[in-house]
Every structure is written in structure tokens, then in C-alpha cells.
Number of protein chains: 2
Amino acid sequence: MASASDKKKPGRPSDTAKREAIIAAAGRRFFEEGFAGTAIEQVAADAGVSKVTIYNQFGDKRALFTAAVTSECEKMRGHFSLDSAPQGTMRERLIDIAKAMFAFLSRPEMIQFERRIAAETEHDPAVGQAFLEAGPWQMKAAFGAWLAQADAKGELAIADPMLAAEQFVSMTKGMGDLERRFGKVPSIEATEKRITCAVDAFLRAYAPA
Amino acid sequence: MASASDKKKPGRPSDTAKREAIIAAAGRRFFEEGFAGTAIEQVAADAGVSKVTIYNQFGDKRALFTAAVTSECEKMRGHFSLDSAPQGTMRERLIDIAKAMFAFLSRPEMIQFERRIAAETEHDPAVGQAFLEAGPWQMKAAFGAWLAQADAKGELAIADPMLAAEQFVSMTKGMGDLERRFGKVPSIEATEKRITCAVDAFLRAYAPA
DNA sequence: ACAATATTGAACGTTGCCGTTTAATTGAAC
DNA sequence: GTTCAATTAAACGGCAACGTTCAATATTGT
């Protein structure tokens, strides 16, 4: 039986390459200039596309925005993995994980993206929800499971892994990402120190008996 | 000798009450709708003032924005104090402080303000800098001093109080303020548990020998 | 009273931008 | 080649908003 997707529409098909170019250009503009500050004609120019094509494919400025957001969220989904460095002592492994996390989270594009999503959440809560599900919550679940496994193996003594995961991530970030969000780039040394001290504090708090 | 401020300009003086009303209205609009999304005529209407008055007093839309930001930062400056509950055990005191901090930081106006400042920092780094100095950095210094005092009295064993202050604040916030920034309001119970567990972890990590 | 400045309401020019329309072209499928 | 739909450039209507100008009025110091 032929499914609905088998129905080949007659005529010229829409150019998917252009569609992707549009979404990419829209993301760049939206996450840099904001929603109200972005002109669709500028997006069209960036994508090398006519403005009418955008309206034909997305219909609306807000629809284009949500398309850009969901695209970015999909790119983010599962982008962070914990398979880095399963070797070494627990302290070394935690430091590696913390470094990878911090590096992933403090990329300029990520900071930019978070800023805009947060600002836009006020008018469209669904945007914030989508981001939370695609990013932070997935990361928390993955790392929480990792900690639960460490607890089961007796390498750590953690009663509530999900909460400990939050504490760990929060401590490694410290005020670092906050400062970044407000324009100050922390030095390498400060970041290193922050991470190692956070790991040490975490280990003192959750060392097995 | 007469200073420059003694020079009284002839003619009608500018109405300071109106000026404050303008700044207040501008803050409300800017921090709710964003810079690009705010219409000066709307600000004028909110403040019960003519649009020309705004341009006479501030000259520019961006100047009005920075005036609103600095005003808000001044209101924030020193608004948070640590004199709450100097009684009780260390655990009780820390819990009280953490609750006060979290309550202060997760007020809707504060979340809104942070969102907009972060978004605007991209185009005007001075805005982010001003916010950091008026808010987070002052708070960190105050609480760091508090921890150093506790260390001196032997109630805690903290080598680097400033860094420990970051860790404490970060843990008590956990993902709470992040979720708030993206639209999810955490439940009272979750917040309470997060705070007490953070305090306990902090005490395990920094208990005196 | 007078001079000097503030404030106001209204209107204006300009710009930017959303969303639509039109006519013409291009490209794929049959 | 025909047919159907996507794409394009250009132009338009309309709207919102910035910033300015102007004449009239209000408010203060001398």
C-alpha cells in the first residue's frame, strides 16, 4: 500500500538545499541580531535566495524562527557524549568530563544561542521548553546515569545521582558561564583551577565510606 | 569658590520627576520587549510624557536604554545583605543564606532583567560589564568575605573562600535558574531539597578537620 | 514683566520591513 | 514537449517607528 509520502507531487520539487541554506542563514541572523532585529530580506540575501521563496516555504517570520530553533536543537541533541576517557582514576575521569562539558557549553555559538533563546522564551515558552529538552535535561540524564553507575560500582557514594549531577555541573561552571553570558571571557588558568577545585570538592562530598 | 554645579541655568528647570518616570517606564518596556521591540512612543505614553521630552533629555534611544540599565543596576547595588540570621548552627545559617539568595535571584523581574541584559551585551559589552559589577561580583565578594570569616573562626576549613563562594552559590542554584530562564518554574519542594542537599554537600566538602 | 528654558501636541520626512502580488523563468516528471 | 510547480526579480501597500520641526504653553529666575 502506498503511504501518503509516496505521493509524488507533480511539477518542480522544492529545492532542499535552498531550504537548508535559508535555515542556516536565518539561524545566524536570528541568534545574532534577535528576532525583532532580523530582517527577512537580509536572511534571503545571506542565503542567496529570493524573499518569496522563504514565504512560500515557511509562510511566516515566526515559523522561520521556530524552524531555525528546532534545527539548532536537533544539531545539539546527543552532540555531547560521555565516552571520553573511560580510563584513569575517578578524579582524572571527572576532570576530563568537566573539561569537555565546559568546553562544549562555553563555545561562543552556544552562548549566543542561549542568550537569544532565553530572550525569546518570554514571548514563546515553547521555545525554551524545546531547548531544555534537547540540551540541559538530556545532558543531566546522561551524566546522572553515569554517576549512578559509579555509585553501583562503589567508586562513589551518591544517594541522589540526578541531584549530584546538577551539583557537579553547576560547580564546574561556577560563575564562568554567567560571566561569559555578560561578556567577560574567563582566563584559561581560572577555568582550570575552577574545574579541578570543583572536582576535588565533589570528591570530598561524595567519597565512598 | 563656586563649583560648576552651582551654575544655575536660567529658565525653567527640567522636571526630575518626569525624568524618573521616563526611566522607569523605559526599563519596564525594554526589559519586557527588548531593545528593538520597544517603541519610544510607547515609553512616552507609559510615562505620561511627550516624546519630545524624552529626546530632549536623553537624545537617543540607546542612551535611554543605558540610562535605564544603570538605574536598575544602582537599585540592585547592595540590595542583597548577609545579615539575615546570624544565629543557629552553621548548617542552619547556610540554609538561610542560600534560601535568601535563591529567592532574590529567581524573582521574575530579575530573570527578565538578566535575559535582556545578556541579549543586549552582544551589541554593547559595557552593559554586561556594568551588570556584573553591580550584581554578581559584589555578591561574590560579600559572601566570600563571610566564608573567610567562618574559616578564621574555625567553623569551616576553606583554602580559597572566593572560589568556595562560587561553588556554594552555583550548587544552590543548580539548574534552577537555568530552567527559570527558559520558562520552567521549579516546584517549592524541589528547590528546598536542592538547597538543603547543596548545603550538606558543601559542609561535607569544607568541614573543619 | 521679562527672559530663558521645558514641555507639549501635532505633524512631517524618512527609513525599514513585513507580507503580497505579478509576470516571467527554471526545472522536474510524464 | 507538455504540464505543473518552484523560483525569481521587481514592485507595491501598508504599517510602525525613529528622530525632527514648529508653534503654543507652562514654569522658573531676575
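In what follows, chains carry the letters A, B, and so on, assigned in the order in which the sequence lines appear, proteins first and then strands, with residues in each chain numbered from 1.
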[X]: ring-ring contact (aromatic ring centres under 6.0 Å, His included) partners, not counting sequence neighbours:
X        : answer
A/Trp137 : none
B/Phe31  : B/Phe113
A/Phe168 : A/Phe143, A/Phe202
A/Phe30  : A/Phe35, A/Phe65

Any pair counted as salt bridge (Lys or Arg N to Asp or Glu O under 4.0 Å), so long as it reaches residues 141-151 of chain A, sequence neighbours left out: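 Passing the test, one end in residues 141-151 of chain A: no pairs.
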
Inter- and intrachain pairs under salt bridge (Lys or Arg N to Asp or Glu O under 4.0 Å), touching residues 31-55 of chain A, at least two apart: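 For residues 31-55 of chain A, and leaving out neighbouring residues, the salt bridge (Lys or Arg N to Asp or Glu O under 4.0 Å) pairs sorted by first residue read A/Arg29-A/Glu33, A/Arg29-A/Asp46, A/Glu41-A/Lys51.
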
Nucleic acid contacts - residues 13-21 of chain B versus DNA chain C, non-hydrogen atoms under 4.0 Å: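 The answer is B/Pro13, B/Ser14, B/Asp15, B/Lys18.
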
Atom [atom1] of [X] to atom [atom2] of [N]: distance rounded to whole Å?
X       : N      : atom1 : atom2 : answer
B/Phe58 : C/dA6  : CZ    : P     : 13 Å
A/Ile54 : D/dA9  : CD1   : P     : 12 Å
B/Asn56 : D/dT20 : CG    : C1'   : 11 Å
A/Ile22 : D/dA6  : CD1   : C1'   : 12 Å

Which residues share a side chain to side chain contact (heavy atoms under 4.5 Å, CB included) with A/Thr196, sequence neighbours left out: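 Result, side chain to side chain contact (heavy atoms under 4.5 Å, CB included) vs A/Thr196: A/Arg91, A/Ile95.
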
N/O (side chain, B/Thr53) to phosphate O (OP1/OP2, C/dT8) under 4.0 Å: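 So the side chain of B/Thr53 is within the cut-off, an N or O lying under 4.0 Å from OP1 or OP2 of C/dT8.
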
D/dT7 OP1/OP2 closer than 4.0 Å to side-chain N/O of A/Gln57: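 Yes, such a contact exists.
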
Within the sub-3.5 Å range, which N or O atoms of nucleotides 17-19 of chain D have a protein N or O partner, and how far apart are they?
unit_1: D/dC18; atom_1: OP1; unit_2: B/Thr38; atom_2: O; d: 2.9
unit_1: D/dC18; atom_1: OP1; unit_2: B/Ile40; atom_2: N; d: 3.1
unit_1: D/dC18; atom_1: OP1; unit_2: B/Lys61; atom_2: NZ; d: 3.2
unit_1: D/dC18; atom_1: OP2; unit_2: B/Ile40; atom_2: N; d: 3.0
unit_1: D/dG19; atom_1: OP1; unit_2: B/Asp60; atom_2: OD1; d: 3.3
unit_1: D/dG19; atom_1: OP2; unit_2: B/Tyr55; atom_2: OH; d: 3.1
unit_1: D/dG19; atom_1: OP2; unit_2: B/Lys61; atom_2: N; d: 3.4
unit_1: D/dG19; atom_1: N7; unit_2: B/Lys51; atom_2: NZ; d: 3.3
unit_1: D/dG19; atom_1: O6; unit_2: B/Lys51; atom_2: NZ; d: 2.7

Electrostatic pair B/Glu74-B/Arg77, nearest N-O below 4.0 angstrom: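 No, B/Glu74 and B/Arg77 are not salt-bridged.
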
Partner nucleotide of C/dG19 by Watson-Crick or wobble geometry (both distances under 3.5 Å):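 With both distances under 3.5 Å, C/dG19 matches D/dC12.
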
